[in-house]
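Okay, structure first, notes after.
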Amino acid sequence: MLKDKHVTLYVSGGIAVYKALGVVRELVKAKAQVQVVMTEAAQRFVTPLTFATLSQRPVLTDNFSAQSSSDDFIPHIKLARWTDLAIILPATANIIGKIANGIADDLATTTLLATAAPKIVFPAMNTTMWENPAVQKNLRTLDLMDMTVIEPASGFLAEGEIGKGRLPELTNIMVEIYKTFTKPVLAGTNVVVTAGGTKEAIDPVRFIGNKSSGKMGIALANVAADMGAHVTLISTVHDPISSPNIEEVHVSTAIEMQKKLEEVFPINDVLVMAAAVSDFRPVHQADQKIKKNNDQDIYTINLQKNPDILKEISKKKTNQFIVGFAAETENLIPYAQKKLKEKNVDMILANDVSKTGSGFNVDTNEITVIQPEKDPVTWPLMSKSDVAAKFWEYYQNNVK
Ligand code: PMT
């Protein structure tokens with residue numbers, strides 16, 4: 001979503017400047033083109049060279065330094081027109097006051113005044129400053145000017161106090177940035193996504209599990225939520241970047257997952273079953289930790305079959321679009337096609353989990369889309385967020 005987007009990051013002077021470095025790294029990783037503009041105060045905390053190295057571009061610091069080439073004769077206007085998204089992070093009380101009142105006394109504030117692109121403001125300051133009526137009035141003005149102001153988080157502040165004023169966590173910052181480029185095309189759509197590997201208890205401390213990290217399912221849930229869907233995420237792992245559109249339900253076993261899914265399935269339009277469900281569970285779960293017996297080298301655990309959640313829920317289908325995954329280590333397409341038929345689903349997203357960078361517990365995936373009466377289509381290896389974006393884009397254009 002951020003690929004080739006022109007993002008201008010305005011860094012003003014506060015202790016949180018160092019956190020802007022992480023944002024630049026994430027933006028560059030997402031293939032955005034990033035131009036950093038630093039106020040004079042910001043340069044006292046971190047040097048422009050650090051930002052230039054990470055963003056792979058010279059940092060702009062004042063109105064006059066970039067005028068050597070005729071191309072850059074009026075850099076503030078040029079930069080303003082180049083920008084698809086302007087981010088002010090960290091935004092001090094000072095820069096907030098200037099923007100709210102149309103003051104343009106350096107490159108950052110001048111360019112912001114000339115920029116028509118969407119603007120996200122991430123204030124970070126001491127709690128008392130944050131609560132000051134003048135700052136709050138200026139923030140309301142930014143709101144009226146259609147800027148997105150992200151409330152600071154609460155926690156330990158640089159001055160040693162605890163209170164509101166910290167920049168949000170990096171993942172939450174990135175979610176807000178991604179949102180700017182996402183239209184709410186899935187508003188009114190109800191989606192249920194399952195994620196993570198089920199854990200089938202052997203005793204109070206041991207379980208049968210698998211390598212699923214939940215990343216694939218969580219990415220599908222987050223992208224759908226960003227696109228405006230209401231999402232029920234039934235997951236064995238917690239989603240650290242959850243959005244207000246996501247209702248997260250924590251489960252552990254296949255039986256718990258099935259029970260919750262059966263409850264919510266009738267009120268949903270789409271089911272994406274990304275969870276790695278254990279096919280078996282121990283027949284008995286010991287009440288106490290099983291003790292090692294020194295005379296015994298071999299232990300046997302009797303297993304019983306778990307329900308095939310996807311196959312069973314498909315029998316209850318009314319209008320839902322049902323999507324399963326297939327995690328294979330060989331014969332990817334024939335095995336996935338068999339699952340499509342046997343589980344009676346509308347689509348299988350097949351991943352060869354033996355390939356490097358694909359499948360369990362990695363940030364990327366290579367998916368082959370299997371549908372009835374259609375040729376399989378393989379998407380190149382990409383981040384799980386991009387897989388999710390591609391899937392929902394397909395759903396929006398071809399199914400909805
Ligand atoms: O969580 P990550 O670390 O990001 O990894 C992602 C993933 C590899 C887990 C994901 O991409 C994936 O492939 N999920 C499905 C894993 C799986 O269980 O595949 P399967 O081929 O065994 O099952 C086929 C389908 O039936 C799946 O949609 C599965 O959720 C479902 N199933 C399986 C067994 C069972 N008892 N009930 C089910 O509903």
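Every number for a ligand or one of its atoms is a count from 1 in the order of the listing.
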Specify the protein heavy atom at minimum distance from atom 18 (O) of ligand 1: its residue, its atom name, and the distance to 0.1 Å. A276 CA, 3.4 Å

Compare K343, K384, K305, Q258 and give the one whose heavy atom is closest to atom 31 (C) of ligand 1. K343

Would you mind reporting whether T8 and T115 have side-chain heavy atoms less than 4.5 Å apart? no

Check whether the side chains of T109 and D106 place a donor and an acceptor atom closer than 3.5 Å, and report yes or no. yes

What residue and atom, counting heavy atoms only, is the protein's closest point to atom 1 (O) of ligand 1, and at what distance? S212 OG, 2.6 Å

Shortest reach to atom 14 (N) of ligand 1 by a heavy atom, considering only A274, G217, S358: A274

Which atom of A225 lies closest to which atom of V231, heavy atoms considered: N-CG2, 3.8 Å

If we number the atoms of ligand 1 from 1 as shown, the ones under 4.0 Å from a heavy atom of M216 are 4 (O), 6 (C), 11 (O)

Within the 4.5 Å heavy-atom criterion, are D352 and E366 side-chain neighbours or not? no

Contacts satisfying salt bridge (charged side-chain N to carboxylate O under 4.0 Å, His left out) that involve residues 184-207 (not counting sequence neighbours) are D203-R206

Of the backbone atoms (N, CA, C, O) and the side-chain heavy atoms from C-beta on, which set of S213 has a member under 4.0 Å from an atom of ligand 1: side chain, backbone, both, or neither? both

N365 to ligand 1, any heavy atom closer than 4.0 Å: yes

With sequence neighbours left out, the residues meeting ring pair (Phe, Tyr, Trp, His ring centres under 6.0 Å) with Y395 are F321, W392

Pick from D279, D308, V353: the one approaching atom 34 (C) of ligand 1 most closely through a non-hydrogen atom: D279

Here the atoms of ligand 1 under 4.0 Å from any heavy atom belonging to G214 are 1 (O), 2 (P), 3 (O)

Distance to 0.1 Å, residue and atom name: give those for the protein heavy atom nearest to atom 39 (O) of ligand 1. L310 N, 2.8 Å

To the nearest 0.1 Å, how far is atom 5 (O) of ligand 1 from its closest protein heavy atom, and which atom is that? G359 O, 3.4 Å

Which ligand 1 atoms does N361 reach within 4.0 Å, using its non-hydrogen atoms? 2 (P), 3 (O)

Any idea which atoms of ligand 1 are less than 4.0 Å away from a heavy-atom of K215? 1 (O), 2 (P), 4 (O)

Under 4.0 Å between heavy atoms, the region of K311 that gets near ligand 1 turns out to be neither

Do T53 and T50 meet the criterion of a side-chain donor-acceptor pair at a distance under 3.5 Å? no

Compute whether any side-chain donor of one residue and acceptor of the other, for Q320 and T318, lie under 3.5 angstrom apart. yes

Run the numbers on V23 and L170 for side-chain contact (heavy atoms from CB on, under 4.5 Å), then give the verdict. CA-CA 7 Å; V23 176; L170 181 58; 3.7 Å; yes

Kindly give the heavy-atom pair with the smallest separation between R57 and W82, and that separation in Å. NH2-CZ2, 3.5 Å

Of the protein's non-hydrogen atoms, which lies at the shortest distance from atom 11 (O) of ligand 1, and what is that distance? N351 OD1, 2.6 Å

If we only consider heavy atoms of A254, is any one of them less than 4.0 Å away from an atom in ligand 1? no

Flag the pair T198 / T253 as yes when at least one side-chain heavy-atom distance between them is below 4.5 Å, and no otherwise. no

Under a heavy-atom criterion of less than 4.0 Å, does N306 contact ligand 1? no

If only side-chain N and O atoms count, and only distance matters, is there a donor-acceptor pair under 3.5 Å linking T128 with N126? yes

Atom 17 (C) of ligand 1: of S278, A326, S314, A275, the nearest heavy atom sits on A275

V362 and ligand 1 - part of the residue with a heavy-atom distance under 4.0 Å: neither

Taking 4.0 angstrom as the limit and counting only heavy atoms of P307, give me the atoms of ligand 1 inside it, by number and element. 35 (C), 36 (N), 37 (N)

For G324, the atoms of ligand 1 under 4.0 Å from one of its heavy atoms are 28 (O)

Is V7 close to I177 at the side-chain level, that is, under 4.5 Å between some pair of heavy atoms? no

Going through the distances and angles, do K3 and D386 end up as a salt bridge (charged side-chain N to carboxylate O under 4.0 Å, His left out)? CA-CA 11 Å; K3 189 163 181 274; D386 284 345; over 6 Å; no

What's the shortest distance from atom 23 (O) of ligand 1 to any protein heavy atom, and which residue and atom give it? F325 O, 3.9 Å

Could you list the atoms of ligand 1 found under 4.0 angstrom from a heavy atom of K339? 20 (P), 21 (O), 24 (C)

With respect to atom 37 (N) of ligand 1, which of I309, L349, D363, N210 exhibits the smallest heavy-atom separation? I309

